[in-house]
2 protein chains.
Amino acid sequence: MKTSTPAAGSAAPHLIADAVELVHSYPQMPLTVDCVIFGFDENKLKVLLIRSDLEVYKGKWSLLGDIVKQTEELDDAAYRVLRERTGMTDVYLKQVQAFSSLNRHPGGRVVTVAYCSLLNIRHHELQITDNELHWQNVRSLKDMAFDHKEIIDACYNWLQKRIQEHPLGFNLLPEKFSLRELQNLYEAILNLELDRRNFRKKFFSMDFLIDTGELEEDVKHRPGKLYQFNFEKYEKSKRKWIGIDF
Amino acid sequence: MKTSTPAAGSAAPHLIADAVELVHSYPQMPLTVDCVIFGFDENKLKVLLIRSDLEVYKGKWSLLGDIVKQTEELDDAAYRVLRERTGMTDVYLKQVQAFSSLNRHPGGRVVTVAYCSLLNIRHHELQITDNELHWQNVRSLKDMAFDHKEIIDACYNWLQKRIQEHPLGFNLLPEKFSLRELQNLYEAILNLELDRRNFRKKFFSMDFLIDTGELEEDVKHRPGKLYQFNFEKYEKSKRKWIGIDF
DNA sequence: ATTGAATGTGTATTAATTACATGAATTTTC
DNA sequence: GAAAATTCATGTAATTAATACACATTCAAT
């Protein structure tokens, strides 16, 4: 970081001794985090929303977010939001992008850092009783508070790309899942149809699925086998992906 | 954005009428941008550094950065840094990641957003005369100011990945370039050796290179053909990349 | 016992990637 | 100006990956 250009050609640049004073002279602004929390239910990708508490956005949905505290890291702030809202720890959470439009918040300049979170919709301890919280279909979002539609779009694009390179999807499924559920997940996220045999071939050839020996229950047709993802094995053999292709 | 959890089960959540007052109550902090500016010279990937002006980092190199102004967007702040430091407009610039470690700045809490920039090392108007500015080999960085080593690593990883999916590399080359130069660029960035025939085949089959009909000059061997990248054609046929592969 | 619906599996075709060697064009050297 | 040195330019065969496609099996429901 460098605050002022030294006079051109100055031979002896002056060094700043008091870094604290320097930082005090910096402009300051509020910083927030917003979590795009994805869930998977009824073969649809959902995002967790809350009613905006701002009068100007009355009735509109917004993301779960909060201010970043004076001595809090961004990741910690995002985790705090998740913990407070869903009761869950150990959730998948990754920083995606900062948003800084000057008019993105009606109360003035607020910069926000967006996070993408993936969790199993059955595992959390939401009280959706008071209908403040709501799982909404990702493909039927409209008219949201702030720039939150834009943020969700960015995170959704990010997810579509990432899920093809990294095994993120499993965070959305129960620990044990059938191949059909896995395929439904990919089809929902990528918004396309996949050939069942090729999909199975693909995942089996990657060899990261553990056959639990168990079968689906409470299903009204021939039950499928249940698998687990072998995170350990995957970690060991993370592929270095090389292949130029625009 | 949501600041306070409504009392559990509260049937009538109160709406905040004064958004400005709300934002005024938010904690504030300084925000900066840091630009990881890559260049390509002598078949090496370089990054543009400046001597830190902080006494505590005396003699150490740091990234080019600056504070984000009260009414300035992040992208604009990063572009401003580039323009002021390199004299260049129209440069490739993308936001990569925010860094927020509490101790990353010796003067106190400063959050920074890192940008990756790619430019042609011959095009700028640097005054490197007073040795404040310096193009340094990406693979020989050590002992930098702040967390800038970490930031560069993150941007370099980002670049290695992105350059395989998008034609970013051309921003680092002159408008007209030989296939050998292009291959050298990829080899430098990806840190590997590629087969020349397959590399050529790959790029020709993508069909985004325009044969200028010109040949290299001032080269002490058989001159190669010079090509241009067909950005227009590329934009029209951006590939939607589908292929699950961890 | 029959029907319905989803599971589980294999092969042939096509496309993409990899490995690999020689002749042609230009500069340098003698 | 002939020979040597260097790099450019190019094609094919072998391997691997992706795609398209059909039928028998299992269980639940009737």
Side-chain angles (χ1 to χ4, degrees), chain A residues 42-43 161 163-165 167 173-174 176-188 190-228 237-246, chain B residues 42-43 163-165 167 173-174 176-188 190-228 237 239-246:
Chain A
E42 295 172 319
N43 291 338
K161 191 160 141 46
I163 201 178
Q164 296 181 71
E165 300 170 17
L173 293 175
K176 297 172 184 178
F177 50 87
S178 69
L179 266 180
R180 164 55 59 186
E181 289 176 291
L182 186 61
Q183 183 175 341
N184 287 343
L185 175 66
Y186 272 83
E187 291 183 339
L190 298 176
N191 197 26
L192 48 72
E193 293 201 342
L194 298 165
D195 178 89
R196 190 152 58 104
R197 280 160 295 186
N198 292 337
F199 183 85
R200 299 170 74 89
K201 204 189 305 175
K202 186 82 201 175
F203 270 87
F204 286 139
S205 76
M206 290 193 284
D207 210 28
F208 291 131
L209 294 181
I210 303 167
D211 186 339
T212 64
E214 299 171 53
L215 296 176
E216 285 179 301
E217 289 176 17
D218 303 321
V219 80
K220 54 181 175 295
H221 53 74
R222 173 180 176 180
K225 289 186 185 179
L226 292 176
Y227 297 88
Q228 285 179 283
S237 63
K238 265 181 186 164
R239 112 199 196 83
K240 48 166 185 13
W241 178 65
I242 297 289
I244 299 162
D245 212 351
F246 304 155
Chain B
E42 294 171 318
N43 291 338
I163 200 178
Q164 296 182 69
E165 301 170 17
L173 294 174
K176 297 171 184 179
F177 51 86
S178 68
L179 266 180
R180 165 55 60 186
E181 290 177 290
L182 186 61
Q183 184 176 340
N184 286 342
L185 175 66
Y186 273 83
E187 291 183 341
L190 298 177
N191 197 27
L192 46 75
E193 294 199 341
L194 299 165
D195 179 89
R196 188 146 63 101
R197 281 161 294 185
N198 293 336
F199 183 84
R200 301 169 74 87
K201 203 189 308 175
K202 185 86 202 173
F203 271 88
F204 287 139
S205 75
M206 287 192 285
D207 210 26
F208 293 130
L209 294 181
I210 302 167
D211 186 339
T212 65
E214 299 171 54
L215 296 175
E216 285 180 298
E217 289 176 17
D218 304 321
V219 81
K220 52 181 176 296
H221 54 75
R222 171 179 178 181
K225 289 184 184 179
L226 291 176
Y227 298 89
Q228 286 180 282
S237 64
R239 113 198 196 79
K240 48 168 187 8
W241 178 67
I242 298 289
I244 300 162
D245 212 353
F246 303 154

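Per chain, numbering begins at 1; letters A, B, ... match sequence-line order.
Using a 4.0 Å heavy-atom cutoff across all strands shown, B:Arg200 reaches at least one base atom of the nucleic acid. A:Arg196 comes within 4.0 angstrom of a nucleotide base, judged by non-hydrogen atoms across all strands.
What separates CG of B:Leu179 from P of D:dT7 is a distance of 16 Å, to the nearest Å. In this structure, CZ of A:Phe203 is placed 16 Å from P of D:dA17, rounded to the nearest angstrom. Rounded to a whole Å, the CZ atom of A:Arg180 is 10 Å from the P atom of C:dG8. Between the CZ atom of A:Phe199 and the P atom of D:dA20 there is a distance of 16 Å, rounded to whole Å. C:dT27 atom C1' lies 14 Å from atom CG of B:Leu215, rounded to whole Å. Here the C1' atom of nucleotide C:dT27 and the CD atom of B:Glu217 are 15 Å apart, to the nearest Å. Here C:dG8 presents its C1' atom at 13 Å from CG of A:Asp195, a figure rounded to the nearest Å. The separation between B:His221 atom NE2 and C:dT27 atom P is 10 Å, rounded to whole Å.
Mapping A:Pro223 and B:Arg197 onto DNA chain D by nearest heavy atom places B:Arg197 at the nucleotide closer to the 5' end. Heavy-atom distances to DNA chain D give each of B:Ile244 and A:Arg222 a nearest nucleotide, and the one nearer the 5′ end belongs to B:Ile244. Nearest-nucleotide mapping onto DNA chain C: of A:Lys220 and A:Phe204, the residue sitting toward the 5' end is A:Lys220.
Looking at the side chain of A:Asp245, the nearest of the listed nucleotides C:dT17, D:dT6, D:dC21 is C:dT17. When distances run from any side-chain atom of A:Asn198 to the nucleotides C:dC20, C:dT17, C:dG10, the shortest one goes to C:dG10.
Side-chain contact check for A:Glu165 versus B:Asp245: every heavy-atom pair is 4.5 Å or farther apart. Two residues are said to be in side-chain contact when any heavy atoms from C-beta on lie closer than 4.5 Å; A:Leu209 and A:Phe177 meet this criterion.
Of all non-hydrogen atoms in B:Phe199 and B:Leu179, the two that sit nearest each other are CE2-O, 3.9 Å. Across all their heavy atoms, B:Phe246 and A:Ile163 have their closest contact at CE2-O, 3.6 Å.
For A:Lys201 against D:dT19, a side-chain-to-base donor-acceptor contact under 3.5 Å is present.
Side-chain N/O atoms of A:Lys202 include one lying less than 4.0 angstrom from OP1 or OP2 on D:dA18.
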Next item on the list: Tell me, with the steps shown, if A:Ile244 and B:Tyr186 meet side-chain contact (heavy atoms from CB on, under 4.5 Å).
Entry: CA-CA 9 Å; A:Ile244 299 162; B:Tyr186 273 83; 3.5 Å; yes
